[in-house]
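Chain letters run A, B, ... following the sequence lines, proteins first, then strands; residues in each count from 1.
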There are 2 protein chains.
Amino acid sequence: MAALQPKRRGRPPAGGREAILEAALGLLRERGISRLTTREVAARAGVSEASVFYHYRDRAGLLKAVFEQGLAPLLALNEAGAIAGPDRRTVLERLGHGIERFLEQALPAITAAQSDAATRDELAAYMAANDLGAHRGVKALSDYLADEQAAGRVRADIDPQAVAATFVGACFMRAFQAQMHLPKRSLPSLPAVIDSVDLMLAPRAPGQVTQATRRRSA
Amino acid sequence: MAALQPKRRGRPPAGGREAILEAALGLLRERGISRLTTREVAARAGVSEASVFYHYRDRAGLLKAVFEQGLAPLLALNEAGAIAGPDRRTVLERLGHGIERFLEQALPAITAAQSDAATRDELAAYMAANDLGAHRGVKALSDYLADEQAAGRVRADIDPQAVAATFVGACFMRAFQAQMHLPKRSLPSLPAVIDSVDLMLAPRAPGQVTQATRRRSA
DNA sequence: GTCTATAGGTTGATAGAC
DNA sequence: GTCTATCAACCTATAGAC
């Protein structure tokens with residue numbers, strides 16, 4: 001990332017490049033990709049149309065930049081590593097809100113890429129190369145649950161990966177429903193989903209937690 | 001649906017209208033909506049471009065027909081009513097496969113509508129008017145689980161709607177991942193999800209199922 | 001209902017001056 | 001780096017004959 005370089009040489013950028021990218025992302029979210037023309041982007045960014053091509057070569061280059069910008073939050077989540085929290089419910093709350101907030105940003109870009117076969121395949125290749133996708137959220141929660149399971153704080157007979165997929169899937173579905181402007185109230189609220197998953201993860205015999213604690217590894 | 005009328009009067013249609021719609025749907029799924037031009041539709045359907053406008057007035061009319069065609073399977077599921085099966089696992093299998101198969105057909109149309117704000121709002125209004133959406137699958141499973149719960153075959157302390165949302169959400173996420181050409185193997189398999197949900201729905205005391213059976217209502 | 005021909009408008013992209 | 005001016009391609013839609 002160029003943002004990490006403390007000092008720059010030479011003439012500072014005029015900000016045209018960033019303005020174009022921001023205008024494109026805003027246009028994409030508000031009007032959809034079919035209205036994302038180089039003309040409207042230039043007008044919204046306050047620059048000429050030729051500047052768009054100067055900075056991004058062609059429309060495909062601009063779109064690629066827009067998609068990577070939209071998926072940037074997931075890359076950042078990449079370095080964050082394992083999720084943590086004082087208790088299981090807090091972990092679920094943080095992860096659930098985090099997923100829905102991220103998808104609110106990323107889904108417009110992801111669905112937009114589906115509008116063209118070439119664009120879709122390009123995005124798929126990019127995501128595969130950077131190991132991006134829904135499995136990331138699943139793995140984060142799955143790893144946490146496996147640890148908790150080893151510590152005896154989660155039912156021993158459940159499959160952490162499968163349970164994680166159901167939780168992440170519910171968040172995913174809620175975010176998608178919201179993005180296509182369908183009433184979110186037709187689906188269970190996030191707290192309700194959290195309560196449900198949290199309840200089902202509880203060890204079967206609540207009074208005998210210490211019995212399983214011996215399996216703690218670290 | 002006109003398909004239910006047993007007999008027709010007058011001259012039988014030449015099939016041009018259906019050929020155009022089928023070509024448009026195929027083009028949408030293979031190349032995306034941005035390549036769904038009246039030219040290519042006409043060429044693929046083997047008709048002239050003017051025929052497209054004769055049958056569907058304008059491009060928006062064609063798109064509307066394509067979307068309704070893509071969502072038709074869900075309308076059919078509408079009349080099917082409650083889901084059923086010999087046991088809980090079979091019900092989960094049928095519903096899970098049904099959802100993923102349906103989304104395989106419908107998701108291209110749904111995501112395509114997101115490419116334009118006007119089209120997106122139009123589809124959202126159509127779905128709201130016909131009570132379509134992910135909540136349909138959730139409600140179907142939720143109702144089934146509530147019945148099973150009343151019969152004592154499902155844990156009494158779980159929220160049927162929330163559990164249903166996690167299961168449908170997992171199927172939704174898997175179908176979406178597949179549609180955007182990302183490796184499905186990065187997510188848990190459908191049988192694994194089914195096993196997980198099925199296990200967590202089991203009454204807490206396996207040997208004392210009869211204890212809860214007294215709550216059977218019908 | 002289907003065709004050919006064409007109008008009218010929008011878009012991505014380039015050339016060349018500043 | 002940014003601009004104006006321009007082009008070639010494409011797309012939607014209509015007119016009118018068959």
Novice: If you check every side-chain atom of Phe53(A), which of dG12(C), dT12(D), dC3(D) has the closest atom?
Specialist: dG12(C)
Novice: Please determine, for the side chain of Arg39(B), which listed nucleotide (dT11(C), dC11(D), dT4(D)) has the closest atom?
Specialist: dC11(D)
Novice: Among dT11(C), dC3(C), dA13(D), find the nucleotide with the atom closest to the side chain of Ala50(B).
Specialist: dC3(C)
Novice: Could you please name the option among dT12(D), dT2(D), dT11(C) that lies closest to any side-chain atom of Ser51(A)?
Specialist: dT2(D)
Novice: Is the cationic atom of Arg17(B) (NZ for Lys, CZ for Arg) positioned less than 6.0 Å from the six-membered ring centroid of Tyr56(B) and within 45 degrees of its normal?
Specialist: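 Yes, cation above the ring, under 6.0 Å and within 45°.
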Novice: Strictly below 4.0 Å, N to O, side chains only: are Asp195(A) and Arg89(A) in salt-bridge contact?
Specialist: yes
Novice: Enumerate the residue pairs fulfilling salt bridge (charged side-chain N to carboxylate O under 4.0 Å, His left out) with a member in residues 116-125 of chain B, sequence neighbours excluded, ordered by first and then second residue.
Specialist: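 Output for this query lists Arg35(A)-Asp116(B).
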Novice: Can you identify which nucleotide, out of dG12(C), dG1(C), dG1(D), has its nearest atom closest to the His55(B) side chain?
Specialist: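 Nearest to the side-chain atoms of His55(B), counting from C-beta on, is dG1(C).
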Novice: Between Ser48(B) and Ala60(A), which residue's closest nucleotide on DNA chain C lies nearer the 5′ terminus?
Specialist: Ser48(B)
Novice: When you get a sec, tell me which of dG12(C), dT12(D), dT2(D) is the closest nucleotide to the side chain of Arg59(A)?
Specialist: dG12(C)
Novice: Does a side-chain N or O of Tyr54(B) approach OP1 or OP2 of dG1(C) to a distance below 4.0 Å, or not?
Specialist: yes
Novice: Glu49(B) side chain: which of dA13(D), dT2(D), dG1(C) is closest?
Specialist: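 From the listed options, dA13(D) comes nearest.
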